[in-house]
Colleague: 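After the structure tokens below, expect a handful of questions from me.
Below, read A as the first sequence line, B as the second, and so on, with proteins coming before strands; counting in each chain starts at 1.
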Amino acid sequence: MRLKGNVRSFSFYLFMAVVQISAFFGFFAHLPQGVTAYGIILALPFVFVISAVIMCFAFKLFDNYGSDTSKALKKGLPSSAIVYKYVLSVFLLLAAIITVMRYTDFVSECINKEVSPVILIFLTMCGVLYGSCKGLEAMCGANGIIFTVCVILLTVLFIGLIPQISIDEGTVAGFSETGIFSVLSSLVYLISGLSALPLCIILSEKSKGNNRRSAAGFLLIYYLTAIISVVFVIVCLGVFSLQENNPLYALSKLSGMSVIEENDGLFFIVRTAFVFLELSGYAIGFSSLFERSGSRKSSIVFCLLTFVISEILYEFLKLRADIFAYGIIFGIVLISVVAAVFFKRSVTGGTK
Amino acid sequence: MYMDKSLKKNILDFKEMFSSSADFTIREFKINTPKGKNAAVFTMEGMCNKETLAISVINPIMGCRYRSDNGCELLEVIKTSVITASEMVDVKDTEMFLTLLMSGFAIIAVDGCENMLAIGLQGFSFRSVSEPSGETIQRGSREGFVEPLRINMTLIRRRIKSPKLVFETMTVGTLSKTQICLCYLSDRTSKQILKKLKEELNKCDLETVLAAGYLVPFLEENEEKSLFTGVGISERPDTVCGKITEGRIAIMIDGSPSVLYVPKLFIENFQSFDDYSNRPYYAAFTRILKYISFLAAIYIPGLYVAFATFHPELFPPGILSKIVSSVTQTPLPLMLEVLLIHFIYEIMREAGLRIPKPLGHAVGIVGALVIGESAVSAGIIGSPTLMVVAIAAIASYTIPDLYPCITILRLVYIICGGILGLWGIVLVSFVMLLNLCGKNSFGVPYASPFAPFMPWAMRDTFIRASWKKLAKKVLKIQDVKGADEEQ
């Protein structure tokens, strides 16, 4: 019979790539405080290099973990393994909360001002809960279709925006006036947005079945999809909306296509679809840490916690804690990688 | 339960069993033996051909002289030397007696023998083979399945003249004892799927199976959790033969002209038999048209409500002004207005289906005049709204298999679009897509070959490759990526 959760490598890589791209889109759609669009563009080349090194190193390391190593980890270092598990779960929860908050803010500000943020967060988490209950297999399948549709929509957006591209003195001045702080903070944001990495590590072993996962395959698909998406956005990011708080959304309103003159809905659809996939990925990852894949109890707990905490934070903080939250995430990603190296050496004696 | 040697006792038992039912007939007669032996023929009125029974069975039996007085020896002589019928079955117990009797067999019993002899003399009336009204095509066979199982088996055998084609009969329904027949190609069907299908059918604990739809829930995993069905249904023998050659299993039900087949994929809803008769470019065009129609049927009313209520800037200015003037002149909020027209349309459709055909035209006229003219001119509903619902309704007819799920999804999208705007529509789309991708039909992913993606299978999805290309590799359903794999 079919192995449950036996997801094909290509589908899995594409899912992880979309989770990753979703973070990039999030930044372009809604700039965090202290960051400018110029800063993000300047930071992107560094991000690609740094993330390639981290992901290649960590993914390769974790990919070699078999089920025996996991058992040994639990047996040999039970307390550390539990701590490690909780570190990862806190990361997923935090990443989900920030994503929900930023996304809700984006929807409330740009798309749906009439609906209360509480309802938006609640319904988002209901959708995420449904997705996580369906499991990684269904999620990867849906991801393939959503990604294809999104590429078509982005192409339409891209074609519509081509006539508006204009690089003039203002653009050059914008880049030259961007301070190093803005570039550095963009760098921290974007690297901490590498949420796919821990998720990939958690889900890879659970879902691999008979399929081998390779770091090279994952990186290839990830960079291909990420670069295409980012280029789509950056090429069109003329001078029009770089000073806006929601540059991509504002930009999409400038489309020059007469047929779909106001095509900001297209970008919104892409962003929303990616966010649902990203959040469902976190929920599946969270439930995989505690129970078998597709389990409902831990998915419900995850969605409830995300709903309650993001609702409270959204009401009280109004995203003022952006830099603080991302700093924590960045730290957790680093701790995860360091902890993995440490456990690996402890268990295998550094032979691998 | 075994029968008795005494014919009198057997007759009394069967009369009691049938509570002297009017259609249970017994013809008693004497056989010409040295001592004169009693015999009887049991039939069900209307199920047997009386003329053939008299000429080919009773007449030869009574016209012969027999040397033995032993009941069982007499029955053997009748079987081997007297009756010329082609189909004869030995009846050894009451259950078999009842099944064969109700299937139109005439059963001969001789006093002194506990066994009986069933002779196939089925002569009930049935509808002749004709074109199914629900699945008309431009080119191809005009034959459709009919109610008797044996004729349906013939319709398939005539098209696939291979010894690998297997018909396997089973009985379902504790009361109705309906005969069903599994039909498959032994060298192409997955043994896993066949085994699972038999298990599911054996689990069926229905009292009666009067139509093909009765069995569908037993063949679906988590039926109540999905809008889509993983069980195909057709009344066309050519369509079913096409499915069988792809490794699927057909389930024919005695008394129903609809034949089920499993597993079914989502893309099959967009394929029709005409696609394979038309030129590939035209087939591709109609396929793409059907996909667009499906999306239009479920999305257009919902998007219209969402855009008009929450995102009017998304409409081009020319159209926006017309919509605004229409909405301001009508008394109901837009969402309720669309729902109202949608319900009226569904009522008219249901009425048109159920009432006698001559009155159906009247319903159409009343609908067109009352809804189309009067309601708009009275200012109760707006003409853009009416047009939107009409387009969605017409679009849904291009994919008749998906009509039930389109109707429900359309309502959900209208409500979500009216309450949550475009965001609500994207949310429901995400849930719908997950529902689609999470569904399996006998271990085969329902959304295949889109998810999981199979490039080589795309030759028969949005486009239909030429027969020369299709013939190079036969697609078997178990070859679909993600389908059940032997470990």
Colleague: Checking the side chain of A:Glu311 only, and the main-chain atoms of A:Thr306 only, is there a donor and an acceptor separated by less than 3.5 Å?
Modeller: no
Colleague: Parallel, tilted or perpendicular: which one describes the rings of B:Phe270 and B:Tyr291, with boundaries at 30° and 60°?
Modeller: parallel
Colleague: Determine, for B:Arg248 against B:Glu268, whether the closest basic-nitrogen to carboxylate-oxygen distance falls under 4.0 angstrom.
Modeller: yes
Colleague: At a heavy-atom separation under 4.5 Å, does A:Ser280 approach chain B through its side chain, its backbone, both, or neither?
Modeller: side chain
Colleague: Examine the side chains of B:Tyr446 and B:Ser226 and answer whether a donor and an acceptor come within less than 3.5 Å of each other.
Modeller: no
Colleague: For chain A, which candidate among B:Asn435, B:Leu434, B:Leu436, B:Val428 shows the most heavy-atom pairs at distances under 4.5 Å?
Modeller: B:Leu434
Colleague: Report the option among B:Cys437, B:Ala447, B:Gly438 that has the most heavy-atom pairs separated by less than 4.5 Å from atoms of chain A.
Modeller: B:Cys437
Colleague: Select one option (side chain, backbone, both, neither) describing which atoms of B:Ile419 are under 4.5 Å from chain A's heavy atoms.
Modeller: backbone
